[in-house]
Structures are given as structure tokens and as C-alpha cells.
Amino acid sequence: MRGAAEDAEEVLRRMEEAGETPDAAAYNAVIHAYCAGDRPEDAEALLERMIASESVKPNGATYPDIVHAGARAGQFKRIDKLISRIEGDA
């Protein structure tokens with residue numbers, strides 16, 4: 001069953017196929033949708049895609065949802081790694 005997050009990620013994919021570059025707000029919206037659906041792994045995978053794109057960088061609105069969703073899921077080691085990465089990028 002598809003949900004809002006998959007639909008939103010499909011919009012990102014279509015933008016890229018059309019030669020458009022999604023901005024941080026577009027990525028953040030999809031990350032938020034994954035986190036709201038208790039899918040922090042998918043949110044983190046999209047974060048990795050965002051970073052790999054090299055055309056858009058995560059910002060202060062990118063990480064809080066992932067950290068919160070991971071904490072709700074009890075994924076404290078994963079969150080600790082993400083926080084260390086954030087601190088390294090600062």
C-alpha cells in the first residue's frame with residue numbers, strides 16, 4: 001500500500017527525471033512524511049540520497065524529524081551516529 005511518503009518521493013523522482021533539482025524543502029517534506037509514518041530508515045536513506053546529489057545540502061530542518069523518529073523507534077545507536085555526523089558537518 002502506498003502512502004503519502006511514497007507519493008511525495010515519486011514527485012521528487014519525477015522532478016529529477018524532468019531535469020529539475022529538488023530543493024532542501026522538497027527533500028525535507030518527504031523526510032518528514034517518512035518520519036511521521038515511523039519509517040526513520042527510509043528517511044535516512046533519502047537523506048543519503050540528498051547528500052549524494054551534491055546539488056542540495058541538508059539544513060537545520062532536515063535532521064530533527066529523523067532524530068525524533070529514530071528515538072521513538074529505540075534506534076539510539078543509529079541516532080548517535082547521525083548526531084556525530086551532523087556535528088562533523090558543522
Side-chain angles (χ1 to χ4, degrees):
M1 180 167 88
R2 285 181 61 100
E6 290 85 6
D7 291 342
E9 190 162 1
E10 177 68 15
V11 170
L12 287 182
R13 187 185 65 74
R14 287 182 182 181
M15 287 176 70
E16 292 167 342
E17 286 177 355
E20 298 296 326
T21 302
D23 62 8
Y27 277 98
N28 291 344
V30 181
I31 287 170
H32 176 79
Y34 277 129
C35 291
D38 291 326
R39 297 172 56 187
E41 297 90 355
D42 292 324
E44 194 169 344
L46 186 57
L47 170 65
E48 293 302 326
R49 186 171 131 200
M50 180 184 195
I51 292 167
S53 76
E54 296 184 7
S55 60
V56 62
K57 298 295 177 213
N59 60 31
T62 306
Y63 297 104
D65 283 332
I66 299 172
V67 170
H68 187 249
R72 277 195 325 262
Q75 299 174 342
F76 301 109
K77 287 184 181 181
R78 174 182 237 137
I79 296 309
D80 189 46
K81 284 177 55 179
L82 180 62
I83 290 171
S84 294
R85 181 177 186 177
I86 295 166
E87 291 173 344
D89 289 345

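All values below come from the heavy atoms of this structure, side chains included, with hydrogens, waters and symmetry mates left out. The chain is numbered in sequence order, starting from 1.
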Requested in this report: Assess whether atom NZ of Lys81 is packed by more than 12 heavy atoms of other residues, nucleotides or ligands within 6.0 Å.
Outcome: no

**Report entry** Check: Arg72 side chain, Cys35 main-chain N or O, donor-acceptor pair, under 3.5 Å
**Finding:** yes

Query raised in the report: Does Arg13 have any side-chain contact (heavy atoms from CB on, under 4.5 Å) partners at least two apart in sequence or in another chain, and if so, which?
Result: Glu10, Glu17

Requested in this report: Flag the pair Ile83 / Tyr63 as yes when at least one side-chain heavy-atom distance between them is below 4.5 Å, and no otherwise.
Outcome: no

Requested in this report: Measure the CD1-CZ distance between Ile31 and Arg49 for me, rounded to the nearest 0.5 Å.
Outcome: 10.0 Å

Report task. Report yes if the side chains of Val56 and Pro22 come closer than 4.5 Å at any heavy-atom pair, otherwise no. Result -> no

Query - Distance in Å, Ser84 OG paired with Ile79 CD1, rounded so as to fall on 0.5 Å steps - result: 11.0 Å

Query raised in the report: Going by distance alone, is a donor N or O of one side chain under 3.5 Å from an acceptor N or O of the other, for Asn59 and Asn28?
Result: yes

Query - Approximate separation, where rounding is to 0.5 Å, of Glu48 CD and Leu46 CG - result: 10.0 Å

Requested in this report: Output the distance between atom CD1 (Ile66) and atom CG (Leu82), rounded to the nearest 0.5 Å.
Outcome: 6.0 Å

Query raised in the report: Does Glu44 reach the main-chain N or O of Glu41 with its side chain, forming a donor-acceptor pair under 3.5 Å?
Result: no

Requested in this report: Applying side-chain contact (heavy atoms from CB on, under 4.5 Å), name anything that partners Ala29, two or more places apart in sequence or on another chain.
Outcome: none

Query raised in the report: What's the spacing between Leu47 CG and Asp42 CG if we round to 0.5 Å?
Result: 12.5 Å

Report task. Check step by step if side-chain contact (heavy atoms from CB on, under 4.5 Å) holds for Met50 and Val30. Result -> CA-CA 11 Å; Met50 180 184 195; Val30 181; over 6 Å; no

